[in-house]
Amino acid sequence: MFLYILGLVAVWFIYRWFKETKRVANKGDKYVYITGCDSGFGNKLAKTLDKLGFCVIAGCYTEKGEDELKKVSSDRLTTVPLDVTNSESVTKAAASIKTLVGQGGLWAVVNNAGVAIPSGPTDWLTIEDYKSMLAVNLNGVIAVTLSVLPLIKKAKGRVVNVASVFGRISPFGGPYCVSKYGVEAFNDSLRINMVPFGVKVLCIEPGFFKTSVTDTEILKTNVRKLWDRLPQDVKDDYGPTFLETSLEELDERFKQFTDADLMKVVGCMEHAVSAVHPRYRYSPGWDAKFFWLPLSYMPTCITDKLFVKYSPKPKISML
């Protein structure tokens, strides 16, 4: 009986692999709009899709990002200045895209732009800290998607949202996980809403990868700034050693989990854009597949104990 089940599982995996190898035709007629192309995943995805023959529209936050991307790309790639937190910028980019794609519509939008700071214990933060990150990671995703959704419906194309495995589980405080949970919810509701229109809505949920978002020096500088602005009574609650212990553990955790191979994520993005039968969810990274996602299905009492056990303890801790 066990061998029979194992055989069925093997057949299913072979069938899925074969099904997922098929790619869409006429790539040269398909426009793909990507946000956050100055560096990291977005930059590599723009170059990859350009080489595959897609017409890439790369949203860049800086002129430097635009110039550097143009130098290494074909004439098919177009850059647009884009600040996802600015309504006027988003609207202007959408208008340019509408003119560029014409009656064929937009094949895909990849919402990749994101930030990771400010991040820290929740009681170190203000509501403005939350607003600044949500403006990029969540509101920016929604704004960009809605700005080009009519063009995607016209093409019966795709929306690809880059969330995070931390949209499934929240092991640390601050707005990052909040924003990614929001992206997951937006993705799920949009996916259902778009089924009648033939539009596919897909989600990328990476683990830790080595990008500017996970640059430990930037993250540690952010934590120090948050500490320095804290009222003295909050500092007294946490104690003088809490900060240094937190910074040491941040380095240690990132050494354990961070993957330098960005193409694992870019490959999932490319598949979501170009496969005839894409997956609804992709979870690139060994830590996402074998640690964070399994942990997200565990009872809350277990995950809480695990996170508390391996977190720095405030001076007045009752544990």
Side-chain angles (χ1 to χ4, degrees), residues 16 19-37 41-42 45-46 48-49 52-59 76 78 80 82 84 87 89-114 137-164 167-168 179-205 267-283:
R16 190 180 75 164
K19 183 180 177 182
E20 291 183 349
T21 58
K22 296 180 180 179
R23 294 296 195 269
V24 296
N26 304 318
K27 295 182 180 68
D29 298 328
K30 291 178 168 59
Y31 287 85
V32 181
Y33 177 27
I34 309 167
T35 69
C37 291
F41 300 134
L45 178 63
T48 298
L49 294 181
L52 290 175
F54 285 94
C55 297
V56 175
I57 305 167
R76 288 186 304 274
T78 305
V80 292
L82 179 66
V84 299
S87 297
S89 176
V90 171
T91 301
K92 189 175 180 180
S96 299
I97 292 168
K98 184 176 181 180
T99 301
L100 187 63
V101 303
Q103 294 301 311
L106 180 65
W107 174 249
V109 60
V110 182
N111 286 301
N112 164 74
N137 291 3
L138 178 55
N139 295 347
V141 169
I142 297 170
V144 168
T145 301
L146 295 181
S147 73
V148 294
L149 195 55
L151 299 175
I152 293 172
K153 288 165 70 176
K154 184 179 290 186
K156 294 181 173 57
R158 286 111 191 262
V159 177
V160 183
N161 293 316
V162 182
S164 168
R168 298 286 203 99
S179 69
K180 294 304 182 179
Y181 270 73
V183 171
E184 293 276 356
F186 175 68
N187 187 86
D188 288 349
S189 58
L190 183 66
R191 186 181 62 248
I192 295 168
N193 294 156
M194 288 297 104
V195 169
F197 301 100
V199 172
K200 292 181 172 64
V201 180
L202 317 158
C203 193
I204 315 291
E205 302 170 332
C268 292
M269 292 173 161
E270 179 272 320
H271 190 269
V273 169
S274 66
V276 175
H277 303 289
R279 298 183 186 182
Y280 290 118
R281 279 190 165 84
Y282 299 82
S283 301

Min side-chain heavy-atom separation [X]-[Y] under 4.5 Å:
X    : Y    : answer
L146 : V90  : no
N112 : L45  : no
E270 : L49  : yes
L82  : V84  : yes
K30  : V24  : yes
N111 : V183 : no
Y33  : V101 : no
N161 : T145 : yes

Exercise: identify the closest heavy-atom pair between [X] and [Y]:
X    : Y    : value
C37  : A46  : SG-CB, 4.3 Å
A163 : C203 : CB-SG, 3.7 Å
H271 : Y282 : ND1-OH, 2.7 Å
G114 : N137 : CA-OD1, 3.2 Å
P278 : K200 : CG-CD, 3.6 Å
D188 : R281 : OD1-NH2, 2.9 Å

What's the separation between atom [atom1] in [X] and atom [atom2] in [Y], rounded to the nearest 0.5 Å?
X    : Y    : atom1 : atom2 : answer
H277 : R23  : NE2   : CZ    : 11.5 Å
I97  : L151 : CD1   : CG    : 7.5 Å
C55  : D29  : SG    : CG    : 7.0 Å
E184 : S179 : CD    : OG    : 10.5 Å
F186 : L138 : CZ    : CG    : 8.5 Å
K98  : L106 : NZ    : CG    : 12.5 Å

Quick one, E205 with K180, criterion side chain to side chain contact (heavy atoms under 4.5 Å, CB included). Give me CA distance, side-chain angles, the key distance, then yes/no.
CA-CA 9 Å; E205 302 170 332; K180 294 304 182 179; over 6 Å; no
Take a 6.0 Å sphere around NZ of K27 and say whether it holds more than 12 heavy atoms from other residues, nucleotides or ligands.
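Above 12, so yes.
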Enclosure of K154 NZ (heavy-atom neighbours >12, cutoff 6.0 Å):
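Counting neighbours around NZ of K154, more than 12 heavy atoms of other residues, nucleotides or ligands fall under 6.0 Å, so yes.
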Backbone of R168 reached by a side-chain donor or acceptor of Y181 within 3.5 Å:
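Flag set: sc Y181 to bb R168 pair under 3.5 Å.
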Hey, does the side chain of R158 reach the backbone of V273 with a donor-acceptor pair shorter than 3.5 angstrom?
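It does hold such a pair.
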